[in-house]
Amino acid sequence: ITWVTGVQTCALPIYTFADELGSFSEYLPAFLQSVEPMLIDTQILWLLTSQTTSRRWENATTFFAQLTAASANTDFSLWALTAFQYAFGPWETPTSPTGIAVRAACLWYVHAADRLWTHVDNDQQQDYKRGKWDRYKQCLIDSQSEFTDVGTRKEIGHALAQIKRVEAED
């Protein structure tokens, strides 16, 4: 994508957690072309200049979760479901989640729990049901003891705190 902002032109490759997993790549450029470039140029540059691939995933996930939480007209919450699926696997064949997948799922709860809960509580989207919400929450609880990495355990704690908060407000 090439954006012209004032006198500056920047050509940026766009990465998301889903891109790294091989999905959604065709949707992102169209979205970014429809958004005011000045609004997100700096954030995208910051997202893409981090040092590690896993940090890029986390930064991009955080960005889209925050965008989902902040805007009534922009909702990437279906990407949260993708993150949850990658973290906790299909129910029929459970897998051991990776740290990056669990952290990405946690970031959706940390930054967009209110929006996700609204979908569950108001039955606004078919893919957001209370049973799935409870299942993902239980997977997070179970994951606390599986990870020795302090960062992952900390994110799980933050995510569970946000889940508890939105459930209590109901």
Side-chain angles (χ1 to χ4, degrees), residues 12-29 31-32 40 42-70 74-120 125 127-168:
L12 300 173
I14 304 301
Y15 297 97
T16 68
F17 176 73
D19 283 338
E20 298 294 341
L21 300 170
S23 61
F24 295 117
S25 58
E26 71 271 17
Y27 301 112
L28 188 59
F31 160 73
L32 289 175
I40 60 175
T42 307
Q43 292 220 7
I44 293 293
L45 282 171
W46 177 77
L47 290 174
L48 299 177
T49 57
S50 61
Q51 296 180 2
T52 65
T53 300
S54 63
R55 189 68 189 150
R56 268 199 316 267
W57 292 357
E58 292 171 11
N59 289 342
T61 300
T62 298
F63 175 76
F64 285 102
Q66 289 174 338
L67 189 59
T68 295
T74 306
D75 190 347
F76 289 96
S77 61
L78 290 178
W79 288 13
L81 291 175
T82 301
F84 301 154
Q85 186 71 17
Y86 279 108
F88 308 118
W91 308 136
E92 307 81 40
T93 55
T95 60
S96 293
T98 63
I100 182 61
V102 170
R103 286 192 304 276
C106 289
L107 290 168
W108 277 101
Y109 286 117
V110 168
H111 297 288
D114 292 299
R115 185 73 170 267
L116 301 178
W117 180 249
T118 298
H119 292 322
V120 172
Q125 290 187 11
D127 294 322
Y128 278 94
K129 299 291 183 198
R130 182 61 190 250
K132 285 186 178 182
W133 175 275
D134 291 338
R135 182 101 185 239
Y136 293 136
K137 178 174 72 172
Q138 187 59 50
C139 287
L140 279 175
I141 292 167
D142 296 344
S143 292
Q144 280 183 308
S145 62
E146 292 181 29
F147 291 96
T148 57
D149 174 70
V150 174
T152 302
R153 292 181 84 161
K154 185 176 177 180
E155 284 300 328
I156 292 170
H158 291 311
L160 289 171
Q162 290 302 313
I163 290 169
K164 183 177 180 180
R165 179 187 59 77
V166 296
E167 289 177 343

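All values below were derived from every heavy atom in this structure, side-chain atoms included, with hydrogens, water molecules and symmetry-related copies excluded.
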S.K.: If I take atom CZ from residue R165 and atom CG from residue D114, how far apart are they, to the nearest 0.5 angstrom?
M.R.: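 Here the rounded value is 4.0 Å.
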
S.K.: Can you tell me how far SG of C106 sits from NE2 of H111, rounded to the nearest 0.5 angstrom?
M.R.: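 Rounded to the nearest 0.5 Å, the NE2-SG separation comes out at 10.5 Å.
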
S.K.: Can you tell me if Y136 uses its side chain to pair, donor with acceptor, with the backbone of A105 under 3.5 Å?
M.R.: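 Such a contact is absent between Y136 side chain and A105 backbone.
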
S.K.: To the nearest 0.5 angstrom, please state how far the CG atom of L116 sits from the CG atom of D75.
M.R.: 8.0 Å

S.K.: Taking only residues two or more places apart in sequence or in another chain, which ones pass side chain to side chain donor-acceptor pair (under 3.5 Å) with E146?
M.R.: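 If we apply the side chain to side chain donor-acceptor pair (under 3.5 Å) test to E146, skipping adjacent residues, there are no hits.
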
S.K.: Within a radius of less than 6.0 Å around NZ of K129, do more than 12 heavy atoms belonging to other residues, nucleotides or ligands occur?
M.R.: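 Correct, the count exceeds 12.
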
S.K.: If you round to the nearest 0.5 Å, how far is CG of L140 from NZ of K137?
M.R.: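 Between atom NZ of K137 and atom CG of L140 there are 10.0 Å.
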
S.K.: Nearest 0.5 Å, what's the CG-OG1 distance between L107 and T62?
M.R.: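 Rounded to the nearest 0.5 Å, the CG-OG1 separation comes to 4.0 Å.
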
S.K.: Is a salt bridge present between E155 and R103, judged by a nitrogen-to-oxygen distance below 4.0 Å?
M.R.: no

S.K.: Between the side chains of D142 and Q138, does any donor sit under 3.5 Å from an acceptor?
M.R.: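 Yes, side-chain donor-acceptor contact under 3.5 Å.
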
S.K.: If only atom types and distance count, is the side chain of S77 paired as donor or acceptor with the main-chain N or O of A80 below 3.5 Å?
M.R.: no

S.K.: Tell me if the centroids of the rings in Y109 and W133 come within less than 6.0 Å of each other.
M.R.: yes

